[in-house]
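Reading through the structure tokens given below for one structure.
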Amino acid sequence: MRLLLVALITTLSSLLPSGEPADARFFWTLSPGNGIELNLTEANLPYDDHIEMSGEMMAFVLRWGVGSDLSFHSERSLVFPMLRTVPNNTHASLMHRMGVDIPSMVSVNGYSLTSEKVEKVMLDGYMEVSSLFAAGRTRPGVVPQPSVRLSRKIFPSTDKPLMGEVYEIENITDKVITVYIPSFSQVFTTPAEKGVTGSYIIRGDILGSGTFKLAAGNRARFGACFQAYRVGESKIEPDLEAELKARLEYLAEVDGNLVLDTPDDVIDREFRFAKIRASESIFKTAGGYMHGPGGESYYAAIWANDQAEYVNPFFPFLGYWKGDESALNSYMHFARFMNPEYEPIPSSIIAEGIDIWNGAGDRGDAAMIAHGASRYALEKGDRAEAEKLWPLIEWCLEYCHRKLNADGVVLSDSDELEGRFPAGDANLCTSTLYYDGLRSAAFLAKELGLKSSVSKLYNSRADKLAKAIESYFGAEVQGFHTYRYYDGNDMLRSWICMPLIVGLLDRAEGTIAALTSDKLMTKDGLLTQQGSETFWDRSTLYSLRGMYIAGDTKTAGDFLHYYSGRRLLGDHVPYPIEAWPEGSQRHLSAESGLYCRVITEGMFGIRPTGFRSFTVTPRLADGWNQMALKHIRAFGSDFDLEVSRVAERLELRLTNHLTGTTETYKLAPGVSQVLQTCA
């Protein structure tokens with residue numbers, strides 16, 4: 001671990017602009033297994049952070065910390081997306097904060113627990129905290145000696161509107177002690193006029209209360225449950241041990257598929273955490289399963305960028321059924337708004353599917369959907385699903401075609417940043433997503449057995465659009481041979497990475513130089529715009545993917561290594577974040593999907609070409625001799641891709657777990673290989 005941290009600090013120094021101080025403190029270490037542990041050193045304390053976790057009926061943001069005296073504190077911000085509030089808009093999930101301190105209500109031999117000393121804080125798809133407590137008379141000048149060890153596991157239910165905390169108290173003295181766990185309930189009832197269906201009850205309860213005599217070394221377990229429900233409904237009486245078991249089974253399912261194995265433990269571990277965050281935030285709404293960004297704002301709703309563009313094309317690789325179901329469901333919701341007049345499709349469908357949001361006008365949403373839906377259909381490899389999706393893809397592509405200006409690029413009112421930064425009347429993001437949608441749709445049309453003229457038309461339009469993108473957006477900006485983001489733009493923008501991710505590489509060298517220059521690069525990733533203080537992980541993650549696709553494995557590998565370390569082991573962990581200063585670096589879920597796509601589409605260079613076919617362009621990082629992505633569930637299969645360096649070439653092995661076959665290919669670095677799977 002020491003050598004790894006030194007490497008991360010060295011990487012940081014090489015990437016940051018000259019003279020900018022490097023905050024290279026790493027507060028966490030990799031724990032045995034799959035988690036991370038907080039380094040409880042004096043230099044790291046006090047420490048405060050926040051983390052979001054989700055199940056299909058609720059989410060919570062835990063604001064927590066460890067004080068300089070090693071005491072633990074926390075506040076639970078509970079979110080219940082299917083308990084709608086008034087007005088029933090994008091943000092109308094029932095939310096309530098509860099700061100009740102459960103250990104403060106426990107007593108030993110008639111004395112309250114005091115002098116907490118946290119021994120361990122671990123994140124592993126749940127939070128585990130272990131502390132020592134004293135209990136007894138306090139005397140001046142006498143340091144209280146620990147009497148018990150109290151551990152807690154904090155997690156969301158996988159399928160119920162509740163948050164669980166499982167506690168275990170252990171007698172660490174050599175005498176019998178008596179532990180008192182009180183009965184406790186904290187209950188709130190919301191005003192009827194504030195709820196779509198009336199009043200809601202929010203409550204916290206201690207479960208398993210009683211009096212327990214514990215001999216030396218013996219333990220007792222109890223729990224705390226935080227839930228909400230409608231007035232007139234009954235509270236849930238959960239088995240928290242079963243709820244914890246279900247959470248662990250979900251984590252095991254995620255861990256068992258799409259397993260990254262590289263020489264870099266930090267990247268492997270951050271990829272694992274990103275899989276969890278990307279797939280846990282799926283809510284069982286009245287409108288079907290909906291993936292939600294989260295962040296105490298965005299639930300029971302879908303967006304053309306976060307869902308259709310960012311995370312949906314990731315789910316077939318993971319093979320998580322709720323992810324696939326939520327992806328198809330989101331596209332079908334958008335398909336409801338196709339119209340013969342080709343009026344814009346909504347940016348977001350909200351409130352469990354009964355309303356829309358389009359407050360930023362046309363953000364290029366049709367291009368986002370065309371890109372995501374066509375890739376998803378190819379990767380999923382399900383003909384029946386693809387046939388359902390084809391009318392939507394076709395409509396979105398035609399919409400974009402009708403929005404071409406005289407210069408051949410796509411007009412839109414804004415982009416996915418919704419006016420936070422200028423985007424002109426035609427932006428680089430929208431046109432490149434349309435370009436990729438055309439290329440993917442050409443492959444999809446062939447797979448669906450449509451007339452060859454359909455694929456030819458889409459490829460022809462893509463060829464013309466590629467030239468228009470170069471002519472209209474290609475520019476010298478701040479001395480870099482790269483792209484202007486819109487007509488009149490003379491400052492660098494992080495979204496100049498977009499041509500790279502769709503394989504338009506004529507300006508790759510200048511674009512990567514601009515992205516990693518002191519005008520955009522900071523210790524937290526890329527600034528949205530040169531001269532601003534705002535950074536968004538989404539453009540940073542797109543840039544990383546683009547660098548790999550462009551073949552710059554040195555820059556991409558170093559950048560990914562550093563970025564992963566900062567997000568996994570730094571001062572705010574363990575997932576990719578949304579932005580700063582907006583949202584206080586919320587753990588929005590789709591950004592974790594984008595991290596995973598850096599690996600699948602960037603590092604391994606997987607590009608779908610059919611239901612059972614794809615190209616692979618492996619980008620083995622400098623200094624690595626091998627890497628593998630195991631149990632890939634896309635293209636109707638379950639297969640491994642292993643890449644190893646053999647002299648000046650790469651050896652690529654595809655092992656198909658369904659057929660029991662292995663194929664081996666020898667490639668020059670940067671060369672693509674067409675592969676096929678069999679169902």
Side-chain angles (χ1 to χ4, degrees), residues 81 84 87-92 282-283 285-293 297-313 315 324-377 380 384-404 410-419 423 425 427 429-431 433-434 436-438 440-441 444-445 458 590:
R84 308 299 297 170
N88 194 5
N89 57 23
T90 299
H91 310 291
I282 298 171
F283 302 96
T285 78
Y289 278 109
M290 290 184 173
H291 182 276
S297 289
Y298 310 112
Y299 303 89
I302 54 172
W303 281 259
N305 52 332
D306 291 74
Q307 282 67 52
E309 178 192 344
Y310 299 169
V311 76
N312 287 356
F315 282 129
D324 288 346
E325 189 166 326
S326 73
L328 179 61
N329 185 50
S330 72
Y331 293 129
M332 291 296 95
H333 273 292
F334 283 117
R336 293 161 41 202
F337 295 91
M338 294 186 295
N339 59 86
E341 298 79 22
Y342 287 91
E343 293 297 322
I345 222 162
S347 300
S348 177
I349 298 169
I350 66 171
E352 301 186 80
I354 67 171
D355 203 353
I356 67 167
W357 177 86
N358 59 356
D362 175 12
R363 309 176 308 156
D365 301 288
M368 299 173 188
I369 295 167
H371 157 81
S374 53
R375 280 192 177 243
Y376 169 84
K380 183 65 185 298
E385 280 195 17
E387 288 173 346
K388 288 182 181 178
L389 291 172
W390 180 254
L392 174 64
I393 294 167
E394 192 175 38
W395 187 94
C396 288
L397 293 175
E398 179 61 22
Y399 175 91
C400 292
H401 179 67
R402 295 183 181 208
K403 297 290 285 186
L404 294 179
V410 187
L411 295 168
S412 61
D413 299 320
S414 63
D415 64 359
E416 64 95 38
L417 288 178
E418 299 167 0
D425 59 5
N427 67 76
C429 220
T430 298
S431 287
L433 290 172
Y434 173 45
D436 188 74
L438 288 167
S440 295
L444 186 57
Y458 287 154

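Numbering of residues begins at 1 and proceeds along the displayed sequence. These numbers come from a predicted model, not from an experiment.
- Residues satisfying the side-chain hydrogen bond (donor to acceptor under 3.5 Å, both in side chains) test with Tyr298, not counting sequence neighbours, are none.
- To the nearest 0.5 Å, the span separating NE2 on His371 from CG on Asn305 amounts to 11.0 Å.
- Residues that satisfy the side-chain hydrogen bond (donor to acceptor under 3.5 Å, both in side chains) test with Asp324, not counting sequence neighbours, are absent from this structure.
- Qualifying side chain to side chain contact (heavy atoms under 4.5 Å, CB included) partners for Ser297, counting only residues two or more places apart in sequence or in other chains: His91, Arg586.
- Here the straight-line distance linking atom CD of Gln307 with atom OH of Tyr376 works out to 13.5 Å at 0.5 Å rounding.
- Tyr399 places no side-chain N or O within 3.5 Å of a backbone atom of Ala366 that could act as its donor or acceptor partner.
- Taking both residues in full, the closest heavy atoms of Tyr331 and Ala373 are given as OH-N, 3.2 Å, listed atom of the first, atom of the second, then distance.
- Legend: residues meeting side chain to side chain contact (heavy atoms under 4.5 Å, CB included) with Leu404, ordered by chain and number and at least two apart, are His401, Val410, Tyr434.
- Between the CG atom in Leu411 and the SG atom in Cys400 there is a gap of 10.5 Å [rounded to 0.5 Å].
- Considering all non-hydrogen atoms of both residues, Ala301 and Ala351 come closest at CB-N, 4.4 Å.
- Rounded to the nearest 0.5 angstrom, Ile302 CD1 and Met332 CE are separated by 10.5 Å.
- With sequence neighbours left out, Glu352 forms a salt bridge (Lys or Arg N to Asp or Glu O under 4.0 Å) with no residue at all.
- The shortest non-hydrogen separation linking Glu387 to Pro391 is O-CD, 3.3 Å.
- Under the salt bridge (Lys or Arg N to Asp or Glu O under 4.0 Å) criterion, Glu309 pairs with no residue, sequence neighbours left out.
- Atom NE2 in His291 sits 5.5 Å away from atom CD1 in Ile282 (nearest 0.5 Å).
- Here the side chains of Asn312 and Ser330 are in contact, with some heavy-atom distance below 4.5 Å.
- Here the side chains of Asp306 and Val311 are not in contact, with every heavy-atom distance at 4.5 Å or above.
- Here Asn329 contributes atom CG and Tyr289 contributes atom OH; the two are 11.0 Å apart, rounded to the nearest 0.5 Å.
- With sequence neighbours excluded, no residue satisfies side-chain hydrogen bond (donor to acceptor under 3.5 Å, both in side chains) with Ser374.
- At a threshold of 4.5 Å between non-hydrogen side-chain atoms, the residues Leu328 and Phe315 do not count as touching.
- Take Phe334 and apply the ring pair (Phe, Tyr, Trp, His ring centres under 6.0 Å) test, not counting sequence neighbours, and it matches no residue.
- Formation of a donor-acceptor pair under 3.5 Å by the Asp362 side chain with backbone atoms of Asp413 is not found in this model.
- Remark: the Asp425 side chain and the Ser412 side chain contain no N/O donor-acceptor pair separated by less than 3.5 Å.
- Scored by the salt bridge (Lys or Arg N to Asp or Glu O under 4.0 Å) test, Glu398 finds Arg402, Arg461 as partners (sequence neighbours excluded).
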Pair up each side-chain donor or acceptor in residues 335-347 with any protein partner under 3.5 Å, not counting sequence neighbours, and list the distances.
{"residue": "Arg336", "atom": "NH1", "partner": "His333", "partner atom": "ND1", "Å": "2.7"}
{"residue": "Arg336", "atom": "NH1", "partner": "Gly353", "partner atom": "O", "Å": "3.2"}
{"residue": "Arg336", "atom": "NH2", "partner": "Gly353", "partner atom": "O", "Å": "3.3"}
{"residue": "Asn339", "atom": "OD1", "partner": "Glu341", "partner atom": "N", "Å": "3.3"}
{"residue": "Asn339", "atom": "OD1", "partner": "Tyr342", "partner atom": "N", "Å": "2.7"}
{"residue": "Asn339", "atom": "OD1", "partner": "Glu343", "partner atom": "N", "Å": "2.7"}
{"residue": "Asn339", "atom": "ND2", "partner": "Phe337", "partner atom": "O", "Å": "3.2"}
{"residue": "Asn339", "atom": "ND2", "partner": "Glu343", "partner atom": "O", "Å": "3.1"}
{"residue": "Ser347", "atom": "OG", "partner": "Gly361", "partner atom": "O", "Å": "3.4"}
{"residue": "Ser347", "atom": "OG", "partner": "Arg363", "partner atom": "NE", "Å": "3.1"}
{"residue": "Ser347", "atom": "OG", "partner": "Asp365", "partner atom": "OD1", "Å": "3.4"}
{"residue": "Ser347", "atom": "OG", "partner": "Asp365", "partner atom": "OD2", "Å": "2.9"}

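- Applying the side chain to side chain contact (heavy atoms under 4.5 Å, CB included) test to Ala423 and every residue at least two apart in sequence or in another chain returns Asp415, Asn427, Tyr485.
- The side chain to side chain contact (heavy atoms under 4.5 Å, CB included) check on Ala441 picks up Trp390, Ile393, Leu397, Tyr458, with sequence neighbours excluded.
- Between Phe283 and Tyr299, the distance separating the two ring centers is shorter than 6.0 angstrom.
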**Request:** Give the intermediate values and the outcome of side chain to side chain contact (heavy atoms under 4.5 Å, CB included) for residues Ser440 and Arg375.
**Result:** CA-CA 6 Å; Ser440 295; Arg375 280 192 177 243; 3.6 Å; yes
